[in-house]
Amino acid sequence: MRKDTKSYLEGMNKELSLPQKNCALAIDLFAGCGGLALGFEAAGIQTIGYELDEDSCESYRRNLHATCHCLRLEVGQEFPDNAVVIIGGPPCQPFSANGNQNGKKDKCDGFPAFLSAVKKCSPQVALFENVRGMLFQNRHYFDKIVSRLKGMGYQVQWKLLNAAHYGVPQRRERLFVVAHHGAFAFPSPTHPSEFVTSGQALSDLLQTIPKNARFLTASMDKYVARYERASDCVKPRDLHLEKPSRTVTCRNINGATGDMLRLRLSDGRRRRLTVREAARLQSFPDWFSFAGSEGSQFRQIGNAVPPLMAKAIAIAVRRHLEAAQPVENSNLKPIRAA
């Protein structure tokens with residue numbers, strides 16, 4: 001194992017270790033397998049998850065030792081009355097460039113349920129993550145969501161954050177929106193220029209070919225070559241180990257050709273990533289295991305918020321809660337430095 005890979009893994013495990021005590025409770029909506037929750041739990045904020053997919057719920061419970069309710073979130077859903085934070089990732093397909101961008105018309109739109117939960121629970125902080133596409137074709141709907149939050153008495157800030165700036169070996173840009181009552185500050189980058197590369201994250205796993213490795217066939221290679229010519233690609237659409245990876249998505253890691261995230265071996269063959277390799281690029285520690293079939297595991301990983309990025313956001317939320325003390329809500333326990 002390369003020294004820098006060992007340092008990366010040790011640092012990730014340290015950053016994402018779970019403390020014995022928590023300072024506050026967060027309701028985690030559209031929780032997925034727990035990428036966002038892992039960051040919050042590592043920052044000392046307990047989570048309770050709500051997620052429709054059974055495999056994701058099982059992954060959440062297995063790794064976080066926390067409750068995850070398997071259900072479809074609806075407007076008017078009941079929640080614990082002692083939560084001071086609401087977090088979540090309402091489904092991004094209605095706003096993604098890879099989806100239909102139908103916004104509020106999409107049957108998968110989770111924002112009515114998210115806004116209903118905020119109104120019902122009146123948390124000190126409400127935070128959601130989504131794709132940057134919300135700010136473009138669906139900007140009108142985004143503005144309505146912000147207006148609804150402001151109508152509940154919140155100040156609302158949003159920012160596009162890149163996971164590579166927070167120690168994740170991946171260039172993943174996502175929109176984070178935070179509703180609060182004043183004095184919230186987004187986290188400064190922990191890695192403003194010295195990014196962690198995909199090679200640093202994966203080098204020990206690349207020394208041998210894993211069991212059941214999936215290689216592109218000759219016909220797939222021809223398809224890729226035609227696609228790259230048509231797209232005027234300067235560099236092949238493979239994983240380049242000297243820099244962070246492209247965005248890890250369900251489509252890329254679970255697709256037959258592993259587009260943009262496949263490994264080119266020295267003999268010229270192209271290999272798709274394994275579940276553990278994809279998880280490393282998302283900054284999931286090796287102790288984090290995923291329930292379900294391989295396809296389900298890939299979907300969970302691709303849909304997740306990178307835990308290292310989530311922890312940076314969680315620390316910012318924790319500092320905001322600390323600055324707001326004393327508070328009327330007696331359920332908020334004193335916060336100590338992370």
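All figures in this text were calculated on a predicted structure; none of them were measured in a lab.
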Student: If you measure only the distance, is there a donor-acceptor pair under 3.5 Å linking the side chains of S296 and Q300?
Tutor: yes
Student: Examine F128 together with F30 and report whether their ring centres are nearer than 6.0 Å.
Tutor: no
Student: Parallel, tilted or perpendicular: which describes the rings of F184 and F186, with under 30° parallel and over 60° perpendicular?
Tutor: perpendicular
Student: Before accepting this row, confirm whether a basic side-chain N of the pair R172/E129 lies closer than 4.0 Å to the acidic partner's carboxylate O.
Tutor: no
Student: Would you give the length of the straight line joining atom CG of L25 to atom CZ of F79, rounded to the nearest 0.5 angstrom?
Tutor: 12.0 Å
Student: Are the side chains of N303 and C250 in touch, meaning some heavy atoms are under 4.5 Å apart?
Tutor: yes
Student: Can you name the side-chain contact (heavy atoms from CB on, under 4.5 Å) partners of R264, sequence neighbours left out?
Tutor: D238, R270
Student: Can you check whether F40's main-chain N or O pairs, donor with acceptor, with R318's side chain at less than 3.5 Å?
Tutor: no
Student: Within the distance-only criterion (no hydrogens, no angle test), does the side chain of H320 pair as donor or acceptor with the backbone N or O of G182 below 3.5 angstrom?
Tutor: yes
Student: Counting distance only, does the side-chain N/O of Q282 pair as donor-acceptor with the main-chain N or O of V248 below 3.5 Å?
Tutor: no
Student: Are E41 and T47 close enough, and set up right, to give a side chain to side chain donor-acceptor pair (under 3.5 Å), and what steps lead you there?
Tutor: CA-CA 7 Å; E41 291 270 1; T47 63; 2.9 Å; yes
Student: Which donor-acceptor pairs under 3.5 Å do the side chains of residues 146-158 make with protein atoms, sequence neighbours left out?
Tutor:
from	atom 1	to	atom 2	distance (Å)
Y154	OH	P123	O	2.6
Q157	OE1	H180	NE2	2.7

Student: Tell me yes or no: between the side chains of T249 and T247, is some donor less than 3.5 Å from an acceptor?
Tutor: no
Student: Side chains of L160 and L135: does their closest heavy-atom pair fall under 4.5 Å?
Tutor: yes
Student: For L308, does its backbone N or O pair with a side-chain atom of S283 as donor and acceptor, under 3.5 Å?
Tutor: yes
Student: Under the 4.5 Å side-chain heavy-atom rule for ILVMFWY, direct or indirect, which residues accompany L216?
Tutor: M220, Y223, V224, Y227
